Amino acid sequence: MSHLAAAVTIRPMMLADLDRVTAIAQSLKEAPQWPRGAYVAMLDPEGRPRRIVLVAETTGSGVVAFVVASLIPPQAELETITVAAESQRHGLARQLYSALVSELKNSHVTEVQLEVRASNQPALALYRSLGLQQTGCRPRYYAEPEEDALLLQVSID
Ligand SMILES: CC(C)(COP(=O)(O)OP(=O)(O)OC[C@H]1O[C@@H](n2cnc3c(N)ncnc32)[C@H](O)[C@@H]1OP(=O)(O)O)[C@@H](O)C(=O)NCCC(=O)NCCS
């Protein structure tokens with residue numbers, strides 16, 4: 001485990017995190033560019049579908065990564081894992097995913113699915129290292145730039 005990963009706390013995202021979270025997303029072209037209101041809605045415990053939204057925080061840098069998943073048990077959709085550029089390749093995405101899966105299992109989820117841009121090689125490498133396998137392709141699913149979406153899934157039961 002790297003020095004950074006040893007000092008990481010993973011906890012639910014809070015409204016107070018949103019300035020930092022949206023700044024991280026805006027700094028990464030591969031990250032989802034959701035408006036602040038979308039995050040506010042995700043954090044609403046009464047919102048549907050229910051979401052699990054976690055951040056990774058380090059003692060030195062504060063919030064440096066986050067994960068969002070929507071739940072329709074027994075399935076969940078991993079909507080994003082995003083790690084600030086300066087904190088990548090320290091195992092944070094792997095740690096966030098592990099924490100997410102623990103919560104998903106507690107919520108009776110047995111299968112995780114996601115869509116990813118076909119060109120997003122870091123994300124594809126991450127997902128494959130986590131055991132996800134490609135199950136399909138949606139041609140020209142993404143815009144700006146137009147690109148195929150690869151569909152991946154993994155059983156977590
Ligand atoms: C994809 C992303 C989340 C990975 O986060 P990370 O914290 O750097 O990933 P980790 O350090 O946990 O890496 C775990 C494994 O994933 C793979 N991986 C991650 N980044 C990689 C890269 N740039 N190149 C190749 N493999 C990579 C490796 O197998 C790695 O294990 P290793 O370091 O032992 O070789 C990060 O690059 C990111 O935030 N990208 C921009 C946003 C994005 O594309 N999110 C996903 C789609 S919404």
Side-chain angles (χ1 to χ4, degrees), residues 1-13 17-43 49 51-72 75-104 109 111-156:
M1 184 181 291
S2 71
H3 177 71
L4 175 65
V8 172
T9 300
I10 293 178
R11 60 164 175 80
M13 188 186 290
D17 298 320
L18 291 190
D19 286 349
R20 176 67 181 142
V21 163
T22 52
I24 293 170
Q26 285 167 12
S27 71
L28 296 165
K29 70 176 172 49
E30 304 87 354
Q33 303 301 317
W34 297 320
R36 187 184 180 91
Y39 289 96
V40 173
M42 287 174 196
L43 300 183
R51 284 186 167 83
I52 293 176
V53 188
L54 305 174
V55 296
E57 190 171 39
T58 69
T59 44
S61 303
V63 170
V64 290
F66 59 97
V67 63
V68 179
S70 57
L71 280 64
I72 307 178
Q75 295 178 324
E77 180 173 353
L78 179 51
E79 297 184 288
T80 191
I81 298 186
T82 298
V83 179
E86 66 275 15
S87 299
Q88 292 179 5
R89 297 312 294 266
H90 290 284
L92 287 172
R94 199 190 293 280
Q95 279 189 270
L96 271 172
Y97 180 80
S98 175
L100 173 69
V101 165
S102 295
E103 295 216 17
L104 291 176
V109 168
E111 189 177 275
V112 176
Q113 305 175 335
L114 61 83
E115 290 149 4
V116 61
R117 280 185 180 270
S119 68
N120 192 342
Q121 293 304 325
L124 281 166
L126 167 70
Y127 297 143
R128 288 181 174 134
S129 82
L130 296 171
L132 285 109
Q133 295 187 330
Q134 187 177 338
T135 55
C137 174
R138 292 196 174 133
R140 300 180 300 283
Y141 179 79
Y142 291 107
E144 297 177 17
E146 186 177 277
E147 189 174 359
D148 297 351
L150 303 186
L151 310 183
L152 278 69
Q153 75 177 44
V154 66
S155 169
I156 59 168

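Keep in mind that this is a model prediction, so the values were computed, not measured. No hydrogens, no waters, no symmetry mates; every other heavy atom, side chains included, goes into these values. Atoms within each ligand, like the ligands themselves, are counted from 1 in listed order.
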* CE of Met42 to CZ of Arg51: how many Å apart, nearest 0.5 Å? -> 5.0 Å
* Which residue pairs satisfy the salt bridge (Lys or Arg N to Asp or Glu O under 4.0 Å) criterion with at least one member in residues 28-39, sequence neighbours excluded? -> Asp19-Arg36
* Contact residues of ligand 1, where a non-hydrogen atom lies under 4.0 Å away -> Glu30, Thr80, Ile81, Thr82, Val83, Gln88, Arg89, His90, Gly91, Leu92, Ala93, Arg94, Asn120, Pro122, Ala123, Ala125, Leu126, Tyr127, Ser129
* Val116: which of Leu124, Leu132, Asp148, Leu151 passes side chain to side chain contact (heavy atoms under 4.5 Å, CB included) -> Leu124
* Quickly, which of Val67, Leu92, Val21, Ile24 forms a side chain to side chain contact (heavy atoms under 4.5 Å, CB included) with Thr82? Name it, please. => Ile24
* **Gln113 and Glu111 side chains, donor-acceptor separation under 3.5 Å** => yes
* Asked: Is the shortest side-chain N to carboxylate O distance from Arg138 to Glu115 below 4.0 Å?
  -> yes
